[in-house]
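One structure below.
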Amino acid sequence: MTAQPGLQGLVLRFRSSYGLSETTARHHFIAARRFARYLERAGIGAGGITPEVVDEYMRADLSASLAENTARAYMVATRSFVYWLAEEGLVSREVADGVRAIRYRTREREVDPGAIDPELVRRFGLSCEGIEDRTRMDYESKVRSYSRYLRSRGLDLESAGEGDVAAFAAKIAEDYSVDSAFAVLTTVKRFYRWLEAEGVADDAARGVPAIKKKAKRLTEPLTPETARLVLEAAERQGNRERGLRDRAIVELMLVCALKPGELHDLDVRDVMLMDDHAVVSVPAGPNRHASLAYVPKGTTGLIRRYVGMRGAAGDEPLFATVGGRANAGRRRLARSSIGSMVAKLFEEVGVEGRAASRGIIRTSMEIAVSLGASEAELTRLGRFRTKVPCASLESSMRDKAMLEDGIERVVGNARPGESARVASVRKIREAIDGLDDGDLVAIEFPEGGGIEVTPVKHLGS
């Protein structure tokens with residue numbers, strides 16, 4: 001049976017359009033390419049993918065030839081590829097749901113030591129001084145992968161030459177991400193230097209060039225004209241729930257400089273309404289502090305319409321999947337779905353690259369400048385980051401120094417050189433008349449004097 005064409009082309013489309021970070025996209029691309037090659041060998045096209053096919057692939061290919069953690073990572077990426085195929089209408093939703101239920105199953109198996117004496121590998125690991133045990137084990141694992149490669153070629157350590165090391169480097173450059181391949185070859189070259197120093201073997205890897213890492217590209221913002229095209233493309237999504245949601249996501253990204261991961265983490269209550277605009281309290285994440293994002297009038301109205309259509313409130317996700325009548329049954333919209341949606345809008349207007357590579361903070365500033373924003377408005381768009389989460393100021397009082405430092409930094413950024421104002425007690429009492437002790441307010445001191453207190457309420461409350 002001949003393989004149905006198009007699988008490798010689908011893999012390339014998956015890599016460019018699924019909305020993943022550059023590193024994750026590379027890992028998922030490698031896993032999808034491996035799965036596509038397995039399907040081609042079996043004569044199966046995209047339409048022939050079933051949960052049973054994926055399960056057999058996991059058992060016969062991944063589990064049989066890869067280390068446990070690596071096989072598990074490949075399985076996660078393979079499921080993502082099948083989900084994407086379902087989104088493209090190339091496999092059924094039933095197939096995607098069936099694949100979703102498949103999990104990598106740990107099984108006991110003997111690890112092939114390969115062609116190099118395991119005791120030699122262990123001695124090399126022990127010779128690496130000043131490193132943690134986990135790093136030492138990682139070094140030994142990389143050398144064992146080279147050892148198994150030699151065994152697969154019918155070679156041993158004594159007969160392997162520079163050409164064999166170079167062939168191994170070419171293979172891992174094809175199968176691994178750039179960073180992983182670089183790390184494996186660097187360890188193998190170090191192993192050979194140790195062998196030569198110990199008088200065990202000549203350094204056959206000396207002349208093999210290192211795998212070059214890709215230089216990180218500088219992020220470039222979208223021009224205001226291009227950003228406007230993306231926003232117009234989002235607006236064409238319509239006024240139904242999905243259209244409102246997608247437009248709100250794009251506006252929060254391009255106008256308010258929120259990233260896909262931050263949008264994914266937001267709950268309805270994180271949007272705080274203040275007159276005709278809003279402030280989003282972005283919660284802290286694994287690699288970020290909490291921050292505040294200013295939301296102008298138009299985007300605030302769009303978010304209110306979307307949340308109102310859903311009838312969502314409180315701790316429910318701000319952006320959720322569409323479908324079903326019970327709002328409580330909605331799932332939080334996945335990061336990959338957010339990235340995929342934005343990537344499709346970018347592609348529609350001819351924008352290359354992903355949102356994450358487009359300097360969205362600078363893009364939001366460029367848009368604001370083009371619209372004639374004042375200095376104060378530009379300052380508000382600067383995304384004030386603070387170690388003190390806005391929703392937990394009261395509980396943070398136990399660390400008074402940190403609290404004061406965080407507030408001073410936010411206020412200093414918002415109003416440089418204007419950290420104090422004088423107002424009469426009468427003016428203050430008038431400003432808070434009718435407010436309860438537990439009410440939230442935003443306090444401002446106008447240039448002309450006095451004090452302004454604006455009540456604040458959470459969206460959906």
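Residues Asp164 and Leu155 meet the side-chain proximity criterion, which asks for heavy atoms closer than 4.5 Å. Side chains of Leu157 and Tyr192 form a contact here, defined as non-hydrogen atoms less than 4.5 Å apart. Counting only heavy atoms from C-beta outward, the side chains of Asp315 and Val268 never approach each other to under 4.5 Å. With contacts defined as side-chain heavy-atom distances shorter than 4.5 Å, the pair Ile249/Leu258 does not qualify.
One finds the CH2 atom of Trp84 at 6.5 Å from the CG atom of Leu90 (value rounded to the nearest 0.5 Å). Put simply, CZ on Arg247 and CD1 on Ile303 are 12.0 Å apart, with the number rounded to the nearest 0.5 Å. Rounding to the nearest 0.5 Å places CD of Glu140 at 11.5 Å from OG1 of Thr135. Here the CG atom belonging to Leu333 is positioned 4.5 Å from the CD1 atom belonging to Ile338, to the nearest 0.5 angstrom. Rounding to the nearest 0.5 angstrom, the gap separating the CG atom in Asp246 from the OH atom in Tyr306 is 8.5 Å. The CG atom of Asp202 sits 10.0 Å away from the CG atom of Leu195 when rounded to the nearest 0.5 Å.
Here Asp61 pairs with Arg34, Arg41 under the salt bridge (charged side-chain N to carboxylate O under 4.0 Å, His left out) rule; sequence neighbours left out. In terms of the side chain to side chain contact (heavy atoms under 4.5 Å, CB included) criterion, residue partners of Met309 (sequence neighbours excluded) are, by chain and number, Glu241, Leu244. Taking the ring pair (Phe, Tyr, Trp, His ring centres under 6.0 Å) definition, one finds that Tyr38 meets it with Tyr57, sequence neighbours left out. Applying the salt bridge (charged side-chain N to carboxylate O under 4.0 Å, His left out) rule to Arg242 yields no partners; only residues at least two apart in sequence or on another chain are considered. Taking the side chain to side chain contact (heavy atoms under 4.5 Å, CB included) definition, one finds that Arg240 meets it with nothing, sequence neighbours left out. Among residues two or more places apart in sequence or in another chain, the salt bridge (charged side-chain N to carboxylate O under 4.0 Å, His left out) test is passed with Arg37 by Glu174. Legend: residues meeting salt bridge (charged side-chain N to carboxylate O under 4.0 Å, His left out) with Glu52, ordered by chain and number and at least two apart, are absent. For the side chain to side chain contact (heavy atoms under 4.5 Å, CB included) test, residues two or more places apart in sequence or in another chain that qualify with Val76 are Arg79. Every side chain to side chain contact (heavy atoms under 4.5 Å, CB included) that Asp156 has, sequence neighbours left out, goes to Glu158, Ser159. Taking Phe29 as the reference, nothing meets the ring pair (Phe, Tyr, Trp, His ring centres under 6.0 Å) condition, with sequence neighbours excluded. In terms of the side-chain hydrogen bond (donor to acceptor under 3.5 Å, both in side chains) criterion, Ser141 has no residue partners (sequence neighbours excluded).
A salt bridge links Glu56 to Arg59: one of the charged nitrogens lies within less than 4.0 Å of a carboxylate oxygen. The residues Asp265 and Lys259 are annotated as not salt-bridged, no charged nitrogen and carboxylate oxygen being separated by less than 4.0 angstrom.
Between Tyr149 and Phe168, the ring planes lie tilted relative to each other; the angle falls in the 30° to 60° range.
Looking at every heavy atom in both residues, Ala96 comes nearest to Tyr83 through O-CE2, 3.9 Å. The two residues Val54 and Phe35 have their closest heavy-atom pair at CG2-CZ, 4.0 Å. Nearest heavy atom pair, residue Val11 against residue Ala32, reads CG2-O, 3.7 Å.
With Ser127 contributing its side chain and Phe124 its backbone, the two residues share a donor-acceptor pair below 3.5 Å. Here the side chain of Lys189 pairs no donor or acceptor atom with the backbone of Val184 at under 3.5 angstrom. Using modelled atom types, one side-chain atom of Thr300 and one backbone atom of Pro296 make a donor-acceptor pair closer than 3.5 Å. Checking side-chain atoms of Lys142 against main-chain N and O of Thr187 turns up no donor-acceptor pair under 3.5 Å. Side-chain atoms of Asp117 come within 3.5 Å of backbone atoms of Glu119 as a donor-acceptor pair (strictly under, hydrogens ignored). Arg269 contributes no side-chain N or O that, together with a main-chain N or O of Gly314, makes up a donor-acceptor pair within less than 3.5 Å. At least one donor-acceptor pair closer than 3.5 Å links the side chain of Arg245 to the backbone N or O of Ala320. Between the side chain of Ser147 and the main chain of Ala115, a donor-acceptor pair closer than 3.5 Å is present.
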Test side chain to side chain contact (heavy atoms under 4.5 Å, CB included) on Ile211 and Ile172 and set out the steps.
CA-CA 10 Å; Ile211 294 173; Ile172 60 176; 4.2 Å; yes
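Contacts classified as salt bridge (charged side-chain N to carboxylate O under 4.0 Å, His left out) and involving residues 190-201 (residues at least two apart or in different chains) are given here: Arg123-Glu198, Glu196-Arg206.
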